[in-house]
Amino acid sequence: MKLPTKVEIVDVGPRDGLQNEKQPVSAEVKIGLVHRLQDAGLKEIEVTSFVSPKWVPQMADNAEVMHGIQRKPGVRYSVLTPNMKGFEAAIAAPREEWPDEIVVFGAASEAFSQKNINCSIAESIERFAPVVAAALDKGIDVRGAMSCTVGCPYEGEVAPERVGMLAKLMKDIGVQRVDVADTIGVGTPRKVKAAIEAALAHFGVDHISGHFHDTYGQALVNTLASLELGVWNFQSSSAGLGGCPYAKGATGNVATEDVVYMLHGMGIETGIDLDKLIDAGVYISEALGREPNSRASKAIRTKRAG
């Protein structure tokens, strides 16, 4: 079986990782995390979210963070813009502070869509159509995050056909690439492969990304299952930031450190310096007053300490 020889990782720690943190994290610390991630070799970083501070107070400093980043050539900076208001806020700054890519989202589960954004899947995609068109018009790329692609906290298992339907809806409004996300981490390799195959009916393999949560310890095997289908872009979070709000005490995003350790052990290039990546995870974890949620980080730091 021929696996990709090179993988690109999108670190979602600064946005997806921090958004549910109860304690406020300063813009300075968020900027520091982005700088450490790009210095470690990350080529794609999900920086912040232009959402109402009433709903996500942690992201209220979005413009300040985008302004404070010293950008590195060759790095793609993305932001979440859930509506036209968010998109307009993201481009209110000077051109050099605009994101390279915006992220819109939709769920493969009707119940999740209703509970999360109070509308049906079809309505949610319809709402995003003007945002996508406006971004493309300004030369900004568009990624579509497809949540609950294998399971939903409200309706249980999600059929691959739902993923195919969502991927088609996104393709139809102009979304350029999609994430197949296991939002609550219930997926296992065969289910994840079925979800990705459903997305492949509408997007080429170069335009699909895997985003796996580690709630049940399945994120790395699901990453491997996706590699076997040729997927070479994955999303993960520095220090495993970002708990799962639907499973009490459970971990959320898989740690970037663990994914990189596995890939390097398989001889797959990432362009990432694992030691610097571990230090970035330690930096943000210290700011939050806890240990990084990464086994590779813990093992390597224990070894370093002799």
Atom pair CG/CG of Leu227 and Leu3 - distance to nearest 0.5 Å
6.0 Å
Ignoring hydrogens and geometry, is there a side-chain-to-backbone donor-acceptor pair from Ser226 to Val231 under 3.5 Å?
no
Show the nearest heavy-atom pair for residues Lys6 and Gly271, with the distance to one decimal.
NZ-N, 4.5 Å
Testing the 3.5 Å rule here: is there a donor-acceptor pair between the side chains of Thr183 and His213?
no
Derivation of the side chain to side chain contact (heavy atoms under 4.5 Å, CB included) call for Arg127 and Cys119:
CA-CA 10 Å; Arg127 282 184 196 177; Cys119 64; 3.4 Å; yes
So, the side chain of Asp279 versus the backbone of Tyr283: is there a donor-acceptor pair under 3.5 Å, distance only?
no
Determine yes or no for a side-chain-to-main-chain donor-acceptor pair under 3.5 angstrom, with His264 supplying the side chain and Glu269 the backbone.
no
CG of Leu169 to CE of Met146, rounded to nearest 0.5 Å, is 10.5 Å
Side-chain donor-acceptor contact under 3.5 Å, Asn253 with Asp214
no
Flag if over 12 foreign heavy atoms under 6.0 Å of CD, Gln70:
no
Quick one: do the Tyr77 and Glu97 side chains pair a donor with an acceptor below 3.5 Å?
no
For a side-chain contact (heavy atoms from CB on, under 4.5 Å) with His211, tell me which candidate from Val10, Asp16, Thr223 qualifies.
Asp16
Give a yes or no on this: more than 12 heavy atoms of other residues, nucleotides or ligands lie within 6.0 Å of atom NZ of Lys171.
yes
Check Glu286 with Arg36, please: is the shortest side-chain N to carboxylate O separation under 4.0 Å?
no
Is the shortest side-chain N to carboxylate O distance from Glu44 to Arg177 below 4.0 Å?
yes
Is it possible for you to say whether Val12 and Phe212 belong to one hydrophobic cluster, with membership spreading through side-chain heavy-atom contacts below 4.5 Å?
no
If only atom types and distance count, is the side chain of Ser52 paired as donor or acceptor with the main-chain N or O of Lys54 below 3.5 Å?
yes
Reported OG-to-CG distance for the pair Ser26 and Asp61, which is rounded to 0.5 angstrom:
8.0 Å
Cation over ring, Lys85 on Phe50, under 6.0 Å and within 45°?
no
Ignoring hydrogens and angles, state whether a donor on the side chain of Gln235 or Asp179 is under 3.5 Å from an acceptor on the partner side chain.
yes
Please report the C-alpha distance between Glu157 and Lys191 in whole Å, then the side-chain angles of each, then the deciding distance to 0.1 Å, and finally whether the salt bridge (charged side-chain N to carboxylate O under 4.0 Å, His left out) criterion is met.
CA-CA 9 Å; Glu157 265 191 50; Lys191 289 176 185 172; 3.3 Å; yes
Taking the inter-plane angle between the rings of Phe105 and Phe128 on a 0 to 90° scale, is it parallel (under 30°), tilted (30 to 60°) or perpendicular (over 60°)?
perpendicular
Side-chain ion pair, Arg71 and Glu96, N-O less than 4.0 Å
no
For Thr48 and Asn62, does a side-chain donor sit closer than 3.5 Å to a side-chain acceptor?
no
For Glu28, does the CD atom have more than 12 heavy-atom neighbours from other residues, nucleotides or ligands under 6.0 Å away?
no
May I ask you to decide whether Arg76 forms a salt bridge with Glu46, counting only side-chain N to carboxylate O separations under 4.0 Å?
no
For a quick check under 3.5 Å, do Ser294 and Asp258 share a side-chain donor-acceptor pair by atom type?
yes
Here the pair of heavy atoms bringing Cys152 nearest to Ser109 is SG-OG, 3.1 Å
For Glu21 and Arg290: C-alpha separation, side-chain torsions, deciding distance, then whether salt bridge (charged side-chain N to carboxylate O under 4.0 Å, His left out) applies.
CA-CA 12 Å; Glu21 284 295 333; Arg290 59 172 182 256; 2.3 Å; yes
With distance as the sole test, does Trp98 use its side chain to make a donor-acceptor pair with the main-chain N or O of Ile91 at under 3.5 Å?
yes
When you group the ILVMFWY residues by side-chain heavy-atom contacts below 4.5 Å and let the links chain together, are Leu241 and Ile9 in the same group?
yes
Looking at Glu8 and Lys43, does any basic side-chain N land under 4.0 Å from a carboxylate oxygen?
no
Take Glu110 and Arg162, measure what salt bridge (charged side-chain N to carboxylate O under 4.0 Å, His left out) needs, and give me the verdict at the end.
CA-CA 9 Å; Glu110 248 349 307; Arg162 312 289 304 163; 3.6 Å; yes
